Amino acid sequence: MARRKRKPRLVAVHWVDAHGTMEEEEVKPTNALTFGFITEDADDHLTISGEIFEDGSHRNRTAIPKGMIRAVIAQPMRLPVEFKGWEAS
């Protein structure tokens, strides 16, 4: 399914993940890093996709609530020529 093409932004997202268990062990939040492309920047969350395609579609998505995000670190990259149709946004 084709989607609107925006220039993909490769990032590393440092965030705190919740932890739950049914066992009698200590539970506490844990730090996490997710690497991928920002494919949605909503008011309350970022969606990071691990794969993008030249037609603008994407998959392997993780939605991270903004209240759990500690840092978004841009990763420099150069797109392959097949992605030249992506918008410069």
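Given the structure is predicted, the values throughout are model-derived calculations rather than measurements.
Counting heavy atoms from C-beta outward, V72 and R9 have side chains that approach closer than 4.5 Å. The shortest side-chain heavy-atom distance between R59 and F53 falls under the 4.5 Å cut-off. For the pair H45 and E40, the minimum side-chain heavy-atom distance is below 4.5 Å. No side-chain heavy atom of H14 sits less than 4.5 Å from a side-chain heavy atom of I69. The side-chain heavy atoms of R70 and V16, taken from C-beta on, include a pair separated by under 4.5 Å.
Here the side chain of T21 pairs a donor or acceptor atom with the backbone of E23 at under 3.5 angstrom. The closest donor-acceptor contact from the side chain of Q75 to the backbone of I73 lies under 3.5 Å.
Between atom CG of residue L46 and atom OG1 of residue T62 there is a gap of 11.0 Å, rounded to the nearest 0.5 Å.
The same ILVMFWY cluster, assembled from side-chain heavy atoms under 4.5 Å apart, contains both V11 and W15.
Of all heavy-atom pairs spanning A12 and F35, the tightest one is CB-CE2, 3.3 Å. Shown here for H58 and S49, the closest heavy-atom pair between the two residues is ND1-OG, 3.3 Å. Contact detail for H19 and E26: the closest heavy-atom pair is CE1-O, 3.9 Å.
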Kindly determine whether T47 and I38 satisfy side-chain contact (heavy atoms from CB on, under 4.5 Å), including the steps that lead there. CA-CA 6 Å; T47 300; I38 296 176; over 6 Å; no

Does I64 form a side-chain contact (heavy atoms from CB on, under 4.5 Å) with T34? I'd like the steps, not just the answer. CA-CA 9 Å; I64 305 171; T34 298; 4.1 Å; yes

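The pair K66-D41 meets the salt-bridge criterion, with a side-chain N (NZ, NE, NH1 or NH2) lying under 4.0 Å from an Asp/Glu carboxylate O.
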